[in-house]
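Chain A is the first sequence line, chain B the second, and so forth, proteins listed ahead of strands; every chain is numbered from 1.
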Amino acid sequence: MSRDDVNVVWLGSPTFPKAAHDALQDTQLRRNLKHATTTIRDKRLKAVAELDDWETLREAGSQIKDRVMRHLDEYLLQLEASVTAAGGVVHWAQDAREANAIVSKLVRAKGATEVVKIKSMATQEIGLNEALEDDGIEATETDLAELIVQLNDDRPSHILVPAIHRNRTEIRDIFKREMGKHGIAAPEDLTDEPRALAEAARVHLREKFLRAKVAISGANFACADTGTVGVVESEGNGRMCLTLPETLITVMGLEKVLPSFSDLEVFLQLLPRSSTAERMNPYTSLWTGVTPGDGPQEFHLILLDNGRTKTLADVEGRSALHCIRCSACLNVCPVYERTGGRSYGSVYPGPIGAVLTPQLVGVGTSEHADSLPFASTLCGACYDACPVRIDIPEMLVHLRAKVVDSHRGGVPKPEALAMKGAQVVFGSPRRLAMAERLGAMAGRFVGIRGGRWLPGPARKWTGARDVPVPARESFRTWWRKAGRR
Amino acid sequence: MRVALFITCYNDALFPDTGKAVTAVLERLGHTVEFPAAQTCCGQMHYNTGYRREADSLVGAFNDAFRGYDAIVTPSGSCGGHVRHHHKTETAPNVYEFSEFLVDVLEVTDVGAYYPHRVTYHPTCHSLRMLRVGDKPLQLLRAVEGIDLVELPEAESCCGFGGTFAMKNSETSVAMLQDKMGNVRKTGARTLCASDNSCLMHIGGGLGRVKSGVRTLHLAEILAATR
Ligand code: SF4
């Protein structure tokens, strides 16, 4: 991967329809995705149905997040004070470059040339691994799925299961081919049994955990009142990162702050059920500053903006920042299910990516980002699944309007002309009736000539679908002729 | 009760039979309906594609055309949903999707229909998740005499239409359509029914292209059928 294509979006990514074209050709990918999303979808429904106060919990989550966004500045300052009081150091980073520079400086100050990492989309967003590599520091992802992606020099395709697009056999091949290049090699006779794969990863990673002086993590939550930072995970590798090394550096998006420790009560119920369909996630690690003689003795918290305050400024778009990265919306999204995460060309794929990415990088800045809000049928499944009730469909439509408005004023595109034309026709019932008569004539003409295959842009429809032929007589004409009122 | 028909622009031009069926069912139940001729389009397509200004210009005209009615009935879950959620006017709350109107307002499920064929039903996304019509269409279908109603596998997954999505992301749209058609065929039904002609146009267009022999019919047309 090149060095400058790592900030939120993979710069130079094709637009969604182009990327989807390639993904759709890959039948193995489609099978893997369908299997994985269907399985987790069903499990999640069952896990959610167990709680009869689920809707109340969702509402609570949504309201807490709403409050955070309204007073973000206050909560962040409070968090800074609490973390500092507990012996941690807080750094503020405006963008990717600033954040990477801070991390790099901290690692070098420890004289370390390798770091272990856990669960951090924020560091993926800023391209930290690549930036560290430039400074001669090797970063190892310790989350199993992220390790798979990293070893294969691949890109993640899912928030929670970054390697969702790979099956077991593919994973075995990646382990056998790559592990030896970075540390302890996978055994020669490695099978594709999940147990065997997990064991190979364990052996490979353990050596790194024991050696690393510095760990880098993300954060699921940070409590403003106590300064407590938390990570939830399933494998225990995070726990190793968070307790073994001498220095812990956490990179966290500004929006992850919660008002108080007791708010965790809500989110620790919402998150596991929505993401892995578990009642509780296997590992929840919470730390508050440093504790002498226990765990890392140095703790740095980097608060990352990188487009977030800009997003916050848009009242209709800001609830994208409520996201707790559970990935439920990805798993229920029919578009994601067919195209996979990499088609979104961003660290944040699926429905949430379609609304978050364009806002973080700015609407109207690239064809790629502008194509994302249109990568949805607005079926609404994501809204129903979201544990914090983010109205993604409504936000998609809001962002579409911003995209359209950002292109007004220049030479209108064919689509804009068509929309304008339709507005004029719909502007009066008389014009509509006339257009319908013309349409019926043209439609029948096309019908006679075999209108199943139309030229030009219409081919996007007729490639796989017949066109309906306009009726000989519209409803309004029939009504009038029948002498009704 | 003054009842107005809101016949959406594509129902008007492409599927007038649906409007006629709605009329027939309501009249059979003893109601008089009116068709305010000043109506044109609710602006959903504009709104959903990002052309808000253009959409806004249609809202006032819609409201003017339908002012004064107790109920405005439409055979489209998606246009009905759009008006109810996005038109901030006095008429918006009076808009009902056809099955909602029958079950919730008129409180009937048996409309005296006869349709002796195997039918499967696709619940469209906007009726399902925007209007929350639940199983009202199915209640109506179950009461049809002679019908052999079979369940559609993965019924609630989107068919891939999505308005302009079907053109802008046509390949993804078609991939979704293919899965939907596969499920329809599994049922062995000869008729696919839904409460929205937009989705039916897309699915029917696909079923027609592969000469599946399955026909698509709007719910109103099945309910209008009699012996
Ligand atoms: S938008 Fe909602 S459903 Fe999607 S990842 Fe975020 S919290 Fe989960």
Side-chain angles (χ1 to χ4, degrees), chain A residues 16-17 20-21 24 30 334-335 338-339 371 373-381 383-384 397 399-405 415-416 419-420 422-423 425-429 432 435-436 439-440 452 457 460-471 473-480 484-485, chain B residues 7 9 11-20 34-35 37-41 43 45-55 57-58 61 125-126 128-130 156-179 201-202 204-206 208-209:
Chain A
F16 187 85
H21 169 82
L24 287 164
R30 271 174 77 181
V335 173
R338 277 35 177 229
T339 61
S371 73
F374 295 91
S376 165
T377 61
L378 306 177
C379 80
Y383 180 34
D384 279 7
V397 168
L399 293 173
R400 290 177 183 187
K402 286 181 92 168
V403 171
V404 166
D405 288 344
E415 177 191 278
M419 289 289 169
K420 186 76 203 158
Q423 181 200 8
V425 168
F426 294 140
S428 96
L432 176 58
E436 279 169 353
R452 303 182 355 139
K460 298 218 158 171
W461 180 274
T462 56
R465 292 159 288 206
D466 287 349
V467 249
V469 178
E473 183 180 72
S474 71
F475 180 83
R476 66 181 62 237
T477 309
W478 170 77
W479 187 274
R480 188 171 34 87
R484 291 160 166 273
R485 63 169 290 253
Chain B
I7 301 301
C9 53
N11 270 316
D12 185 21
L14 300 174
F15 304 98
D17 288 345
T18 301
K20 294 178 200 169
E34 299 175 42
F35 175 77
Q39 64 180 286
T40 56
C41 164
M45 176 185 71
H46 289 96
Y47 186 90
N48 281 352
T49 315
Y51 292 80
R52 276 210 187 169
R53 270 182 231 170
E54 290 79 354
S57 79
L58 300 169
C125 298
H126 286 175
L128 205 59
R129 304 198 186 86
M130 235 182 162
E156 296 192 356
S157 46
C158 175
C159 70
F161 175 59
T164 45
F165 177 87
M167 303 280 278
K168 282 181 186 281
N169 283 285
S170 56
E171 289 174 79
T172 310
S173 169
V174 168
M176 291 161 72
L177 170 64
Q178 277 160 353
D179 292 346
M201 175 172 78
H202 165 75
R209 175 58 51 89

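The aromatic rings of B/Phe35 and A/Trp479 are tilted relative to each other, their planes meeting at an angle between 30° and 60°. Ring pair B/His202/B/Phe161 is tilted by interplanar angle, where 30° to 60° counts as tilted.
No other option in B/Met45, B/Gln39, B/Arg53 has as many heavy-atom pairs under 4.5 Å with chain A as B/Arg53. Per-residue heavy-atom pair counts under 4.5 Å with chain A were compared for B/Leu177, B/Asp12, B/Thr40, and the maximum is reached by B/Asp12. When B/Met176, B/Glu156, B/Met201 are compared by the number of non-hydrogen pairs under 4.5 Å with chain A, B/Met176 comes out ahead. Between chain B and the residues A/His21, A/Lys402, A/Arg476, A/Arg30, the most heavy-atom pairs under 4.5 angstrom are made by A/Arg476. Between chain B and the residues A/Pro373, A/Pro468, A/Ser371, A/Ala20, the most heavy-atom pairs under 4.5 angstrom are made by A/Pro468. Most heavy-atom pairs under 4.5 Å with chain A: of the set B/Gly162, B/Gly50, B/Ala13, this distinction falls to B/Gly50. The residue among B/Thr18, B/Asn11, B/Asn48 with the most heavy atom pairs within less than 4.5 Å of chain A is B/Asn48.
The main-chain N or O of B/Ala166 is found under 3.5 Å from a side-chain atom of A/Arg465 such that the two form a donor-acceptor pair. Of the possible donor and acceptor atoms, none in the side chain of A/Arg338 sits under 3.5 Å from a partner among the backbone N and O of B/Val174. Judged by distance alone, with hydrogens and angles left aside, the side-chain atoms of B/Ser173 form a donor-acceptor pair with the main-chain N or O of B/Gly160 at under 3.5 Å.
For a residue to count as touching a neighbouring chain, one of its non-hydrogen atoms must lie under 4.5 Å from one of that chain's; by this rule B/Phe15 touches chain A with the side chain only. With a threshold of 4.5 angstrom between heavy atoms, B/Leu14 approaches chain A through its backbone and through its side chain. Neither the backbone nor the side chain of B/Ala61 comes within less than 4.5 Å of any heavy atom of chain A. For B/Leu128, no part lies near chain A; criterion is any non-hydrogen pair under 4.5 Å. With a 4.5 Å cut-off on non-hydrogen atoms, B/His126 touches chain A through its side chain but not through its backbone. Heavy-atom distances place both the backbone and the side chain of A/Leu378 under 4.5 Å from chain B.
Rounded to the nearest 0.5 angstrom, B/Cys41 SG and B/Glu54 CD are separated by 12.0 Å.
For B/Thr49 against A/Val404, the heavy-atom pair with the smallest separation is O-CG2, 3.6 Å.
Side-chain contact check for B/Tyr51 versus A/Arg400: every heavy-atom pair is 4.5 Å or farther apart. Looking only at side-chain heavy atoms (C-beta outward), A/Pro334 and B/Ser157 stay at 4.5 Å or farther from each other.
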